[in-house]
Amino acid sequence: MMRSRLHVPRPPARPGEKPDFSYVAVSPAGTAARPDPNAPLNETEFLSREMVRVLDDNHRAVGPWNPHLAAADLELGLRHMMLTRAFDDRMHRAQRGGKITFYMKSTGEEAVSVAANMALKPSDMMFPAYRNQGLHISRGLKIVDLMCQLLSNTRDMCKGRQLPVMYHSVESNLFSISGNLATQFPQAVGWAMASAIKGEDRICATWLGDGSTAEADFHYALLFAQIYKAPVILNVVNNQWAISTFQTFAGGEGRSFASRGPGYGMPGIRVDGNDFLAVYAVTQWAAERARTGAGPTLIELVTYRAAPHSTSDDPSRYRPKDEEKSWPLGDPVARLQAHLRSLGAWSDEQEKALAQECEEHVNQAWKEANTYGTLTDGPQLDPAIMFQDVFKEETPSLARQRMQLAQELKERAQK
Amino acid sequence: MMRSRLHVPRPPARPGEKPDFSYVAVSPAGTAARPDPNAPLNETEFLSREMVRVLDDNHRAVGPWNPHLAAADLELGLRHMMLTRAFDDRMHRAQRGGKITFYMKSTGEEAVSVAANMALKPSDMMFPAYRNQGLHISRGLKIVDLMCQLLSNTRDMCKGRQLPVMYHSVESNLFSISGNLATQFPQAVGWAMASAIKGEDRICATWLGDGSTAEADFHYALLFAQIYKAPVILNVVNNQWAISTFQTFAGGEGRSFASRGPGYGMPGIRVDGNDFLAVYAVTQWAAERARTGAGPTLIELVTYRAAPHSTSDDPSRYRPKDEEKSWPLGDPVARLQAHLRSLGAWSDEQEKALAQECEEHVNQAWKEANTYGTLTDGPQLDPAIMFQDVFKEETPSLARQRMQLAQELKERAQK
Amino acid sequence: MTQMNMIQALNSAMDVMMARDPGVVLMGEDVGYFGGVFRATEGLQRKYGEHRVLDSPIAEGGIVATAIGMSINGLRPVAEIQFADYIYPAYDQIVSELARIRYRSGGDFCAPVTIRTPCGGGIRGGQTHSQSPEALFAHVSGLKVVMPSNPYDAKGLLIASIEEDDPVIFLEPKRLYNGPFDGDPNKPAVGWNSHARGDVPEGHYRVELGVADIVRPGSKLTIITYGTMVHVCLAAAEKAGVDAEVIDLRSIVPLDVETIVNSVKKTGRCIVAHEATRFAGFGAEVLSTIQEECFWHLEAPVLRVAGWDTPYPHAFEWEYFPGQARVIAAIKATMEAS
Amino acid sequence: MTQMNMIQALNSAMDVMMARDPGVVLMGEDVGYFGGVFRATEGLQRKYGEHRVLDSPIAEGGIVATAIGMSINGLRPVAEIQFADYIYPAYDQIVSELARIRYRSGGDFCAPVTIRTPCGGGIRGGQTHSQSPEALFAHVSGLKVVMPSNPYDAKGLLIASIEEDDPVIFLEPKRLYNGPFDGDPNKPAVGWNSHARGDVPEGHYRVELGVADIVRPGSKLTIITYGTMVHVCLAAAEKAGVDAEVIDLRSIVPLDVETIVNSVKKTGRCIVAHEATRFAGFGAEVLSTIQEECFWHLEAPVLRVAGWDTPYPHAFEWEYFPGQARVIAAIKATMEAS
Ligand SMILES: Cc1ncc(C[n+]2csc(CCOP(=O)(O)OP(=O)(O)O)c2C)c(N)n1
Ligand SMILES: Cc1ncc(C[n+]2csc(CCOP(=O)(O)OP(=O)(O)O)c2C)c(N)n1
Ligand SMILES: [Mg+2]
Ligand SMILES: [Mg+2]
């Protein structure tokens, strides 16, 4: 097939080659203008090509998108990011040690979740993807509760049914995560449409990965959101990779993912996803649009998946080792630390203390979570729970199957 | 629910109201520049907002998109358009008279198909929608063969299986039409990808309606086409209506459908779909892109569905009567006639003669088609044919069902 | 009581529910201003406004996905898919999401969405306007599946479905919209006005899901069916002159096993009839249940009467459709078997 | 002959076919450079180039749609869907298009597409990495559906599927990729190297679609199954000490009715076992066929052994999975029934 004229996109570098991030168009911090959130589309369109950045090379906040957050807020954001990272590291190790069956880290992408949450109200609804644990942590879910889900134990909010990381929380307005990519995107739009229909002020935000934008649900979401001007924020987390395939295989080669927005009639903003302040600022901008009835906003968060896709993955098979060290947008945690330091609001001691606090918090929670059981040890969920919640009420035929299983297990135990 | 803040798009006019086409942004003929087909996306992007038009108000061909077609070619195009219209009218009446079960006219949209076909090679492949009969006619399918399909008779190319209008032709490179909207769009992309993989020069074109762009398949098509730079032409026939819903319900309110193209990284061109020369010219431009490996092009053909959606439809229930009379882009047949006249290449006598010729052609074909049977009269297909082509070879269980039916019919006949 | 055809009964069900519950919203292609291609939502947008009766883009997957989202936010959406043949673009959202949101969230979230869609043949719709896809939903845990056969049931079942906190796939045999149809396309069409089940209360009432209806009592043979085939089987039983008990399932999920089993234990002979393709159709589940539960009572093999294992062809609609002749042949075979 | 596990056998089938036919192209998520998340396409992009082994966007519907288009243009695409649980976004293109292109075009067009996808549980995949959706394809006229249970069959069936001019849904029980699995998760895993069907010819050979395999002859009871359950049933039959005939269907469509019927007529007793949800599962079709064809030979009701009518839960994988205990209970019930 030497004659093929098909264009096959490639990543800039494969294992053994030198990492090359020259394709990432990085605007200098502070240069992108900040149009009015209600400005006509033509006046916001440049945002889909430039990159909104607030933190400059000296870690100072500059330009019109600077959200002017108080140091205490920045510290809180840092705390949530560091806690997320400590949690990720501990759980990754727990999987490696065989304690949980599966895990997915968000390392390097913590700002995407934590800063966005901080720019929204607790009453706003969220439809997360599986790599948004920063949302759950910054919304105040207890680490031990997250761990119980990972362990499928007696306190698992999912009653042992979901793969690890598929959390939810009714109280914290976090919808149940799906194993099927992108399905949450149009659901979030429907949620937001309902909010508008009821005349309520609550808005909605949702997230998916660069790779997931290829699914039909991404298209449905943009389409319905724009037609009905739903109060929703649509976030694309472009971490450059979808398992082994590079973002060009989702159509990121020619144009940014943000530019899909204007194609459908809504603003698309490209933002430095590792810049806590920039993520905060664009989320705030989009939230204002949603709350004032101006409609949806598509945000592309440019970041890098520093970790393996999941514990089942080995990225050294498909991308250069240490590629993340060349990533031009750095690390969100280190950058926020440096910013706080540049404000004089942060010291090495504070940083060490916070790191230790996070680690202890996580270790403490892990110990507690284990007391509620693991898949193999300790207290166990009653298998009869398997037949609950298929429907609101158990049907006669499910009741029969439940009893059949009980008999099976009784005999199994007798052996 | 008075509090609802949901935005609900509306058509400009409903029955009893005055038609209002002020929303249609019409560029004067000849004003849109014609960039090189291989120009970078930024330099073609304006084409998604302006409107390519060649025929001016005096019916002369003007501007850089003028394809300078010979009068003989124009006459041929007119002939195919007039034949299509005569065919449509006759078949619509045939349905009204109970001779066929269903029909869909393309009245007012003939240029969309006929001009595009003329700008492509016979060896190029086409994946049409159900309102592209101009393609079949201008590709030289026999009218009588189309009618046999409509009649589901003994010469029906579909062997009685498809609803009327779902034609196909292997020899003429016209793929089988689906009742399921939009499915042909990504299939056409796959066809074009295969052409590239095989290193062949044949390109592919496909069509769907404004309403159908809402389907997932529209998204898949744009995505795959751009990722692999498939040699394909993606045509959106924006005839303003999808049964009773106005094009704003497919997202046409803020931006043109053409603007989806640049969002995905490919050029999108808005063209006067009732201007034979303009349709020809943009198709030629897109074909050049495809043949030179520059990739796909999205074309939005701005036109108006002058007829009911189908014979099952009554548009007076949802749009002003005679709305088409206010349509700012006129009628494609009348405009090409006027252009030919302005060239001194057409007379009233010729027009009358051609109209009569078309009518006779259609009437003649209709008579012949009826001799091959109708759903109720004359020669009939053997019902056993129902069990063919489920698989390449009949399975034992299908053979058994075929025999069971034969028995059933034997008994039915004996009564 | 008022005379209603099935369309009017469905319309009345939605009207009643919209009046009672401000959370009930309708959405679908052409359902708003136009009132739906089969007119099921006629007048409702005028009455309840554009914000509760939404015209949707032609994107079945988007319709179901946004309906799910609405339901999570406390609404009770009723989505129309214009033809059951066009429900597949929404299949992922139905099977992977709608059906399992309650389960996967440990009961914390639920998605009370009703999906209405016209199904079945008999209107010369060809292979893309005639399908009966109930089996493709019945196999998916977490979905309820309903198919009424008359206006009274249609309204009562639709009200019950909208009130359900579980998702419901509500299949409407379109050939029955305007009148009962006994399978003979050459007979003059009759309307619902002469049929007992065309008498429909104007207000609120429920027909519970999971309860089959014995539409003809009998002692020698059980015929289990639903949808259009109820009327075909009744006519066939009459013609065959057999003392047959005809059961209209009404609900496919949950299935009323008790009514089925009681009847077959009594009669010892059984036919299962549906319009859908036979192979791996829902008839197989009914037959299997009977075989498992009534084996020792069976005096003859249970037979299936169904559409052929082909698409539904335009020209051969009445050769494909499992009409009276096919049912009568099965009745004879079952009664004569020994 | 070489020792191969199932992944290697599948890889070899694709390798053989790509070498023989330049029209064979592979596509799917992560199948190219990476070689697939289960490594089934490992090395093939290196060998045949980026233009015949295509990494695809994460868009199952787009993958199948473009594969259809390619097949219309003379190629023979083999598309991988990463998990069967993720095939539903492609359901419309499969059911409405792929299955019916030959039919609707009167035989003028055909779409020889093979869709490979890993199915079944046993790898702690939870409710979205464990499904067995064969029934959802079996009911659709125009699709062939295959599920191998060992490396030898996997390769021969995949080659036959790629060579078919009809579309094939090729389901791969992922728990069998690395070795046979008898249903006991606590036993040490065994590889295919000690199994007779791990001996696989290196070159081209076919295992014909529609031909079941009697993997254990017997006279007192027939067990009909496929996929992972073949090994579970073999072990259960052994443990139960019953002279059971075990039939591995291999093809779900076309179904080898003859082999089934002959066996049941001989034994008079039968169990049908699969991993998928029981309700309206494919077991119902098999059971129904047996009941219709072998009624007078049956000495006991045919019983179904299957997954429960719930999603496949992460924590209760081994309570959901129809393991040996469930099969043995059915064997006992069947043998004791009278
Ligand atoms: C519908 C569907 N198809 C395929 C998969 C398998 N899968 C899980 S994650 C993944 C990659 C997603 O990449 P991206 O959207 O970029 O998110 P990231 O992992 O980078 O955060 C794939 C293919 C799935 N879960 N669902
Ligand atoms: C998947 C699918 N959904 C719904 C329909 C029913 N339907 C047939 S035509 C039509 C309107 C299409 O409008 P548009 O795409 O604008 O094409 P036009 O009729 O205007 O040419 C609809 C909703 C269908 N055929 N297929
Ligand atoms: Mg990614
Ligand atoms: Mg239209």
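The chains referred to below are lettered A, B, ... by the order of the sequence lines, with proteins before strands, and numbering in each begins at 1.
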Enquirer: Give a yes or no answer on whether the side chain of C:R52 reaches the backbone of C:M18 with a donor-acceptor pair at less than 3.5 Å.
Expert: yes

Enquirer: I want to check a possible cation-pi pair here: C:R39 against C:F34, using under 6.0 Å from ring centre and within 45° of the ring axis as the test.
Expert: yes

Enquirer: Any residues in residues 314-322 of chain C near chain B, with a heavy-atom distance under 4.5 Å, and which are they?
Expert: C:H314, C:A315, C:F316, C:W318, C:E319, C:Y320

Enquirer: Does C:E238 CD have over 12 foreign heavy atoms under 6.0 Å away?
Expert: no

Enquirer: Below 4.5 Å from any heavy atom of chain B, which atoms of C:Q82 appear? Answer side chain, backbone, both or neither.
Expert: side chain

Enquirer: Could you please state which residues from residues 388-399 of chain B sit under 4.5 angstrom from chain C, measuring non-hydrogen atom to non-hydrogen atom, sorted by number, or 'none'?
Expert: B:V390, B:S397, B:L398

Enquirer: If only atom types and distance count, is the side chain of C:R76 paired as donor or acceptor with the main-chain N or O of C:I162 below 3.5 Å?
Expert: yes

Enquirer: Counting only heavy atoms from other residues, nucleotides and ligands, does the tally under 6.0 Å from CZ of B:R96 exceed 12?
Expert: yes

Enquirer: For the backbone of B:I243 and the side chain of B:Y318, can you confirm whether one donor and one acceptor N or O come within less than 3.5 Å of each other?
Expert: yes

Enquirer: Using atom types as modelled and distance alone, determine if a side-chain donor or acceptor of C:Q93 lies under 3.5 Å from a backbone N or O of C:A65.
Expert: no

Enquirer: Measure from NZ or CZ of B:R402 to the centre of the six-membered ring of B:F387 and say whether it is under 6.0 Å with the direction within 45° of the ring axis.
Expert: no

Enquirer: Check C:D184 with C:K239, please: is the shortest side-chain N to carboxylate O separation under 4.0 Å?
Expert: no

Enquirer: Is B:P315 in contact with chain C via its backbone, its side chain, both, or neither, using a 4.5 Å heavy-atom distance?
Expert: neither

